[in-house]
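Notes for the one structure printed next.
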Amino acid sequence: MDLSCTDEEEAYRAGLREWLAATLPGLPERPDPLDWPGRRAYDCGWQRRLYDAGYADVHWDASPTQRLIFLEETELAGAPYVGANFVGLLHAGPTVAAEGTPEQRARWLPPVLRGDEVWCQGFSEPGAGSDLASLRTRAVRDGDEYVISGQKIWTSHAEVADWCELLVRTDPGAASKHKGITWLAMPMDAPGITVRPLRTLAGSTEFAEVFLDEVRVPVGNRVGEENDGWRVTMVTLSFERGTAFVGEVVACRRLLGELARTARKNGTWDDPVLRRRLGRLSAEFRALWRIVQANVSEAQATGGAPGAGGSVFKLHYSHARQELYEAAAAVLGPEALDLGRDWTLDRLSSLSYTIAAGTSQIQRNIVAERILGLPKGR
Amino acid sequence: MDFRLTEDQRALSRGVRDLLEGRFDREALRAAVDAPALDRELWRELGDAGFFALRLPEEDGGVGLGLPEAVLVFEEAGRALLPGPLVATHLAAGSVPGAAEGTVVVTEADEGLVPWLDEADVVIGDAGGAVPMRSVDPLTPLHRVPGERGHGEGGLLAGGDGRLVAALLLAAEQVGSAGWATEAAVGYAREREQFGQPIGAFQAVKHLCAGMLVRTELARAAVRAASVTADPVEIAGAKLLADTAAVGNARDCLQVLGGMGFTWEADVHLHLKRAWVRAELRLPAARAEEAVAAGL
Ligand SMILES: Cc1cc2nc3c(=O)[nH]c(=O)nc-3n(C[C@H](O)[C@H](O)[C@H](O)COP(=O)(O)OP(=O)(O)OC[C@H]3O[C@@H](n4cnc5c(N)ncnc54)[C@H](O)[C@@H]3O)c2cc1C
């Protein structure tokens, strides 16, 4: 067990800190959540700055430890959130990096790092959410193209995305529903795509329905083999559940500190019940960060994608983060009803954490069956 | 950074588990429950194996290992439900003659409680006027010190580092116990059949078990990290999460075992009761939460 960093890593940390300290002051506010084009421009602009300063390659070329340092330092400094770049940087990109051909890596990865191209995730369908493998969007091979028809739903950032990591059914007659699926990169400007924004309970249009009507995608956009998309999907999901929320754990620790300062100012800190509640949450977020370090160490040692251990992390993280905003509401009192307070929107958004990226019920099934080896349910 | 056990640490963990399985197996545990006296011979064997002298420097006749190794060893002790004032004797090694070797049993007054008072050769802290309780844990005789005395203040082990190390080692035992409860529940859920299938195929049961693993992993990560950093706030957090894991897991394990879980025959009640005792010693929840909050 060694929690220390090498001299090289510490030097990297120091350099990053310095750069953040010089760069963050004077940065404009991120646009309102109702303004997605504005947010896209803002998020990509931030990504471009990271790229120009030489920090962007951390997402798939650096060591996992360096990546942790990057996430820790940027979040601690209160740097802008990945936002519209979430899918591209944190799970589609890593999937292409792990499973794509050299040509695919060269085509798709640099624009994500530069903040030129934004990705979305077209996995869920109206009839296939938790039961993702029952998806029905069809792709029929026509020469060197796939012709795709069907519907996706809950597609975050679809309105502003350039690419979609898309799951399609290429063999409807396969022996099992997991066998006939293929993972494709679909350009969002292809003819036949209609995006219809959906309004979330927080009032924003952060996700959308995506209708696909005979959309043509080159066969060369396929990552992995035809009908082997479920395996590739597992790689994507392991990144989504295992590492994509890592930076947010640090953000939660920073918010807890902010909350404690607010509580000390407005007197709620004097309530021992509330104080103790914040103490417990703080212990949980510290431990979650340690779990991240353990998972990353394991992945680094085995050279693989994060495994089912990500579900252990995701289960507790999503719960703890919701509890954090409930505690925040207790500190703020009536002010928590004001949508003008950051915390209020965050509290609303946090309601999705136990649903998106696989519900807590599904994560528990995964932990029980894949880690603990309990029998599969009928 | 590599937050995994080293090969040596893994070997140490395995070695202690083997030793305890050989020397304090289930039969020995149940025998101890029936005749609760401290097994002096076992105490000496633990001493010979370096259990108490683990962190003493080699030039003082110790094993010369550190806190990260100690938490692994105490995790195994918790898993095996090893009885006795293990933490106090471990902490007294080097200052109380005989403690390191396991020839002397050392206990400590802490949080107004004194475990194993009648069996101990040396008592640290103020145990004056201690009155016996009918201890809920059949394997931990307890005395209560009247008044506000003994709340972890003063005493040889209570000051500074010793106090934190005690909390951390108790937390490590809690993690071992939480891990045991998960395995016991999962093992039973795989075997026991109802409605024509193993109960582990039922989601309600699966989800209890998954929750147990999550609690254990959270606590284990906290304890191991705290053993490396020795940071007081991190140690308080580790104790808090470990107490939650040990108590919560024992309760869920009991539920998974059904009627069997409620019997004296099943070991789960022994783990639950010990977890309750450890949770009351050294940084109980209220003060651990306050300690972490103060770090905010
Ligand atoms: C904010 C947000 C953003 C999202 N972004 C994207 C995105 O970008 N791309 C994308 O593809 N998807 C996205 N999703 C979709 C998300 O992955 C799904 O909502 C999720 O997997 C659940 O599917 P569902 O909504 O169809 O619910 P259902 O699967 O219908 O589940 C409904 C309820 O039934 C429970 N349930 C279902 N099956 C089981 C079972 N076997 N055992 C126990 N309980 C069960 C669930 O836990 C849940 O409580 C997003 C969702 C949200 C909320």
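In the text below, chain A, chain B and the rest are named by the order of the sequence lines, each starting its count at 1.
For a residue to count as touching a neighbouring chain, one of its non-hydrogen atoms must lie under 4.5 Å from one of that chain's; by this rule A:Glu369 touches chain B with the side chain only. Contact of A:Leu281 with chain B is not made at all, since no heavy-atom distance falls under 4.5 Å. Using a 4.5 Å cut-off between heavy atoms, A:Ser4 touches chain B through its backbone atoms (N, CA, C, O) alone. In this structure, the portion of A:Trp269 lying under 4.5 Å from any heavy atom of chain B is its side chain and not its backbone. When heavy atoms are compared at a cutoff of 4.5 Å, A:Ala287 approaches chain B by way of both its backbone and its side chain. For A:Glu9, the part lying under 4.5 angstrom from a heavy atom of chain B is the side chain only.
By number of non-hydrogen pairs under 4.5 angstrom with chain A, the leading residue of B:Glu234, B:Arg215, B:Met212 is B:Glu234. Contact tally against chain B (heavy-atom pairs below 4.5 Å) for A:Leu259, A:Thr65, A:Asn365, A:Val367: the top residue is A:Asn365. Between chain B and the residues A:Ile69, A:Leu315, A:Ile291, the most heavy-atom pairs under 4.5 angstrom are made by A:Ile291. The candidate from A:Ala283, A:Ala368, A:Pro375 with the greatest count of non-hydrogen atom pairs under 4.5 Å with chain B is A:Pro375.
With hydrogens and angles left out, the side-chain atoms of B:Asp2 and A:Gln300 include no donor and acceptor closer than 3.5 Å.
Nearest heavy atoms, A:Leu372 versus B:Ala210: CD1-N, 4.1 Å.
Take A:Arg254 and apply the side-chain hydrogen bond (donor to acceptor under 3.5 Å, both in side chains) test, not counting sequence neighbours, and it matches no residue.
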Evaluate the side-chain contact (heavy atoms from CB on, under 4.5 Å) criterion for residues A:Arg290 and B:Leu218: first the C-alpha distance (whole Å), next the side-chain angles of each, then the deciding distance (0.1 Å), finally the verdict. CA-CA 8 Å; A:Arg290 297 310 189 184; B:Leu218 198 70; over 6 Å; no
side-chain contact (heavy atoms from CB on, under 4.5 Å) evaluation trace for A:Leu3 with B:Phe3: CA-CA 6 Å; A:Leu3 293 171; B:Phe3 191 25; 3.8 Å; yes
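Listed for the A:Arg261 side chain is no donor-acceptor partner under 3.5 Å among the backbone atoms of B:Leu296. Of the possible donor and acceptor atoms, none in the side chain of B:Glu290 sits under 3.5 Å from a partner among the backbone N and O of A:Arg276. The backbone N or O of A:Ile366 sits nowhere less than 3.5 Å from a side-chain atom of B:Lys206 that would complete a donor-acceptor pair.
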